Amino acid sequence: MRGIAVLRELTKADGTLSLSGLERATGLARSTVDRITATLARMGYVRVDGRDVHLSPRLMELGNAYLSALRLPALLSPHADALADELDESVSLAVADRDGIRFIHQATRRRAMSLSFRIGDLLPAERTAPGPLFATEWTTADWQRWRERRAADPRDLSFTAVPPRRYGADARYDEDFVRRTEEASANGWAVDDQLIEPGLVAISAPVRSPHAHDESTTGGGDVRAGGRGEGHAGAGRIACVASIVSHTSRHTAHNLRTTLLPRLRSAVTEMEEELRRTPPPEPGPPPSDLALWTGESKLRLGRDFIESLARGLTVLTAFGEGRPELTLTEVARATGLARATARRALITYEHLNLVTTREARTFSLTPRVLSLGYPPLSRTSLPEIAQPHLADLTSRIHESTSLAVLSDSGEEIQCTARVATGRVMSVNITVGTRLPAHATALGRVLLADWADDHPLRNALATVRSQGYALVDEELEEGLRSLAVPIRDRAGRVVAALNTAMHASRRSLRECVTDLLPELTTTATRIESDLHTATRFTHVSLT
């Protein structure tokens, strides 16, 4: 529980917090904070840089486990993206998280006035368009929990993704949400008319599960009385809600209803058909040797490694595609943990609302798993992912290192990240520098992936076959450069990593024997983080 508290405070702080800041935010002793961060760093979930702690992309594997098990982002995001392209408006998918909503996909439009939330962001149901739709399925207990939360947090200070309310509790406002829920139940859609902040408008429609309502979970009753609304007879429960988000300079709330709602409903029909026709996937391979790894880490780090925290977090990764619900035995088998250890972790996570149990004695992840670092990490870029790895590489080889991408024309490279060494004589390249692609090792690695008709096709074929480029004094006399590719999840080269030095410092042979293994190892680490980060999010290359 203390480890989860540290991760949540780092998430609230947008991914970075000092060790003393974590101590104050969590109320834990400094020694406890140090041991927790050391354990999380060993797992690759955080990075400790001096006195600051930063969330690392690998932490996204926890949220990826939930999103993989859910399947909705993988199945429905192409439809959301297509709708966003067609309308030139932002489109989002959200799921219910108790009396809030949490985003699982965002298809955003790049404008000066951006209207997007991050994947994993939690919003209060009453200030959104999806909220009233989800509330049509609330039980009396759900409504009571919502009213208790409204009374305890009248200004929504616990929802860091939205601006706090200017005023406290207002009974009229709460009654307005009840009315909006009744209308959503009758209409089958809902609108947010500047409830989150001035200028923001949205319209939402539910995407329903292909499975019919379970009789044990349905019920009639009046929404105002705290029961369920009528909903849609014979239809499945709401799987997620699709929303079109805009601002008042482009659309009014009325205009959203009259102009964009028909297209939204058509897209929702396509999404529901996708859910109906797609069979359940075969279970993917579960993690392996996790218990063995935690044991070895304990031996290596001693008391600074909290084995119970590491083993508990591995339980979350047991879930995934084809493994949305697992029994205790299946969790223990997937992680290699003893049943008693797995059971303690699951009970703890159920208490923290990260895991829920079902009547069949199975466990499943809840959307709250996304609260563990996913929102700030979902907006990371490739240079941000690469920077700490470049720093580590530079410290090992004592040479400057860079990351670069290819320009749209294919004629130049652009340096997007760099760590310089502390030598008197060093290569003077800064972030943003553009150089001719054909004359650089970085450029040749990038060109080798696609430019078969390039004048350097023989040289590029060699680069492609050997997996690296070594350029000797072609860009500038005395400059020797070695580069290796960075590949995305599909295997495409999207960037290149290099080191450059004066030719007198290392021979061509030494570049290959001494530096190439270091660059290759670093490239693999960058790719691992990139692949984790891009499982369900878009990562900018620049």
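Heavy-atom basis, side chains included; hydrogens, waters and symmetry copies ignored. Since we're looking at a predicted model, the values are computed, not measured. Here, residue 1 is the first one in the sequence, and each next residue gets the next number.
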Restricting to non-hydrogen atoms, name the atom on [X] and the atom on [Y] that form the minimum distance, rounded to 0.1 Å.
X      : Y      : value
Ile101 : Ala94  : CD1-CB, 4.2 Å
His54  : Thr16  : ND1-OG1, 3.0 Å
Arg368 : Ser371 : O-OG, 2.6 Å
Val539 : Ser381 : CG1-C, 3.7 Å
Val463 : Ala448 : CG1-CB, 3.9 Å
Gln387 : Ala417 : OE1-CB, 3.4 Å

Please determine if [X] and [Y] form a salt bridge, counting it only when a charged side-chain N lies under 4.0 Å from a carboxylate O.
X      : Y      : answer
Asp449 : Arg492 : no
Arg263 : Glu86  : yes
Asp392 : Arg396 : yes
Arg42  : Asp304 : no
Glu510 : Arg505 : no

- Identify which one of Leu482, Thr520, Val484 satisfies the side-chain contact (heavy atoms from CB on, under 4.5 Å) criterion when paired with Leu515. Leu482
- Message: Using the rule side-chain contact (heavy atoms from CB on, under 4.5 Å), only one of Asp192, Leu261, Asn255 pairs with Ile203; which is it?
- Response: Leu261
Please round to the nearest 0.5 Å and tell me the distance separating atom [atom1] of [X] and atom [atom2] of [Y].
X      : Y      : atom1 : atom2 : answer
Tyr45  : Leu313 : OH    : CG    : 6.0 Å
Ile429 : Leu435 : CD1   : CG    : 5.5 Å
Thr440 : Ile413 : OG1   : CD1   : 3.5 Å
Thr433 : Gln414 : OG1   : CD    : 9.0 Å

Test side-chain contact (heavy atoms from CB on, under 4.5 Å) applied to [X] - qualifying residues, sequence neighbours left out:
X      : value
Asp14  : Arg118, Pro376
Thr269 : none
Ala253 : Val191, Asp193, Arg257

Would you be so kind as to tabulate the donor-acceptor pairs closer than 3.5 Å made by side chains of residues 74-83, with sequence neighbours excluded?
unit_1 : atom_1 : unit_2 : atom_2 : d
Ser77  : OG     : Pro73  : O      : 2.5
His79  : NE2    : Glu274 : OE1    : 3.0
Asp81  : OD1    : His105 : NE2    : 2.8

- Item | Under 3.5 Å donor-acceptor, Thr366 side chain and Asn353 backbone | yes
- Message: Determine whether a donor-acceptor pair (N or O, by modelled atom type, separation under 3.5 Å) exists between the side chain of Arg102 and the backbone of Gly120.
- Response: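 Yes; at least one donor-acceptor contact below 3.5 Å.
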- After noting the C-alpha distance and the side-chain angles of Cys511 and Met501, does the key distance pass the side chain to side chain contact (heavy atoms under 4.5 Å, CB included) rule? CA-CA 10 Å; Cys511 286; Met501 72 221 76; 4.2 Å; yes
- Any donor-acceptor N or O pair under 3.5 Å, side chains Thr401, Thr394: yes
- Report yes if the side chains of Leu541 and Thr416 come closer than 4.5 Å at any heavy-atom pair, otherwise no.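 Leu541 vs Thr416: side chains apart.
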- Message: Do Arg165 and Pro124 make a side-chain contact, defined as non-hydrogen atoms from C-beta onward lying under 4.5 Å apart?
- Response: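 Arg165 vs Pro124: side chains apart.
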- Query: Would Tyr374 and Leu67 count as a side chain to side chain contact (heavy atoms under 4.5 Å, CB included) if you check the C-alpha gap in whole Å, the side-chain angles of each, and the deciding distance to 0.1 Å?
  - Reply: CA-CA 11 Å; Tyr374 217 88; Leu67 294 173; 3.6 Å; yes
- List in chain and number order the residues that pass salt bridge (charged side-chain N to carboxylate O under 4.0 Å, His left out) with Arg58, two or more places apart in sequence or in another chain; answer none if no residue qualifies. Glu61
- Message: Among residues at least two apart in sequence or on other chains, which ones pass salt bridge (charged side-chain N to carboxylate O under 4.0 Å, His left out) with Arg24?
- Response: none
- Message: For a side chain to side chain contact (heavy atoms under 4.5 Å, CB included) check, start with the C-alpha distance between Arg379 and Thr537, then their side-chain angles and the critical distance, and finish with the verdict.
- Response: CA-CA 8 Å; Arg379 289 289 179 84; Thr537 66; over 6 Å; no
